[in-house]
Amino acid sequence: MDTTVLTAPQDLAAHRSKALVVGLVGLAACGLGFVLNRDQFFRSWLIAYLLFLGIALGSMALVMIQHLTGGTWGVFRRVLEASSRTLPLLALLFLPVVLGMSTLYPWTHDDLVRADEVLRHRQPYQNTGFFLARALVYFASWIALAWTLTRWSRRQDEGDMSGNMLLQRVSGAGLVIYALTITLAGVDWVMSINPHWYSTLFGFLMIGGQGLSALAFTIVIATLLVKDEPMSGLLKPHHFHDLGKLMFAFVMLWAYFNFSQFLLTYAANLLEEIPYFIARINHGWQYLALFLIVFHFAVPWLLLLSRDRKRNPARLVWVAAWILFMRYTDLFMLVTPEFASTGQNLHMLAGEHESLFFVHWLDLAAPLGIGGVWLWMFFTQLAQRPLLAFGDPYLRESMETAGGGH
Amino acid sequence: MSHIDETPTLYGLMAEFDNPSDLVRAAERARLAGYRNMDAYSPIPIEEINEALGYKRTRLPLLVLLGGICGGIGGYSLEYWSSVIAYPMNIGGRPFHSWPQFIPVTFETTVLGAALSAFVGMWALNGLPQPYHPVFNVPAFERASRDRFFLCIETIDPRFDRHATQQFLEGLHPLGVSEVAP
């Protein structure tokens, strides 16, 4: 195969600079928000950050699954790899969360920890120093994994097949490392916003959500790529069918995990778990909860039942884009009801407090800012390699057979 | 219809290929030549073959959907009837109609209903079980479950002509063309 024709089309460069402009405008707005309402800024930043971190990590996990299982959706490997190569930027974008620790996490305040038996008990694990050290370990292992996987994939392009088996072994171990680190990171960065609530399903919720975000994003990018040479001649309906089927499965997985979490809480009736749901089915949040059930699960599920829609990128892309928006809404629902409309963490305010449904303009600015620069980084990474991992010995199979590979 | 009368002891003509791509190509050419009553036989699933043969959508997805809906409604109704009407019990102070607890059973019976209707519907729509089928009268057909691929054009096709069809099939460069006794 002539490899020079596999370079990214010119259109991508235009998208890349547009993304950068949007990102810089968004970041400027975030800067304004930082000055005007710091508490609000940190909360909005965390939510938007989680969305794009999810795309990058979910993509990395899908690359590893692809190395282990194979399947025709391997043609999208370079898109997934480019997403995973944004992780260094995401490590940088994590800094505002570090700055905002005292706003976001009640356990950072010594007086609160002293007054609360549970927090006192958790203090050897949940303290600022160890939190930062763990974050360092998470990012180091994620970046090391993403770089190992993409570097060896690059070597295949050059005809060096010595890493083929190693890629599979690294993927096996890497998936375990990913599952463990993202579970701990989820507890650190999201669950500990509420000092007492815990859910044993939380790691799986993160993993399922990240996989869904990554698939939806990959469909959007693949639809962009299929419009132009070289991918217009290479990506076929059955490739999109594969991604559509996987997205369909992850939509159900999201509903399954969330419902399981709710049902266990409902059935067990434990004091530590209930307040999470009480906060989310009162004071206006119940409408957002219904919105999530209908538009994060029911409607995409019904739309993705159709075989024709899954095989037609022009139709599938709308479902994918909608799911990305719903992923953001879901993360918003995860975090925001723990905060007062002033932007402060409810659990740090004296006395009893309830959050009334609210949205802040920073909830629009933060995803635009982070998303813009993140997309810029993504397009930069995507343009650096051939769009198809043509050296992959399994790729020929996925290009030739239109068969039932997954 | 006259040529069918000339060959009343024929089910169809069958061409043999040794790879799936040739079979798909042959089926496509046969469809373009106007043949409709034909079938392909392969030891492995070939996704393109449906399109090549010009198959129309079946009613199976609709049956599965209906089966799933019936299963779901049935499961939920059973839970409702047993927990609210037949054996109302106070469990942890929850209402008799504790719908979240009913969802797992509803989900399972939905899957059960859909799976059963897929299974039964597939058999029924395919006319199975079918203890006798003429294609097995061709000795070479034994390899259809191993390494050979077959295309059979049936005599009931309006365009079927004993000689023209034989010529057409031979023009597809098969390993051989056999007559299929009814």
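Lettering of chains follows the sequences in order, A, B, ..., and the numbering in each one begins at 1. Note that this is a predicted model, so its numbers are computed, not measured.
- For CD of Q130(B), the number of neighbouring non-hydrogen atoms (other residues, nucleotides, ligands) closer than 6.0 Å is greater than 12.
- For F291(A), the CZ atom sits in a packed shell: over 12 heavy atoms of surrounding residues, nucleotides or ligands are nearer than 6.0 Å.
- With a threshold of 4.5 angstrom between heavy atoms, S98(B) approaches chain A through its backbone and through its side chain.
- Of all non-hydrogen atoms in A267(A) and R94(B), the two that sit nearest each other are O-NH2, 2.7 Å.
- Within 6.0 Å of the CD atom in E51(B), the count of heavy atoms belonging to other residues, nucleotides or ligands does not exceed 12.
- Annotation for L271(A): atom CG does not count as buried by contact number, only 12 or fewer foreign heavy atoms lying within 6.0 Å.
- Between L263(A) and P100(B), the shortest heavy-atom distance links the atoms CD1-O, 3.2 Å.
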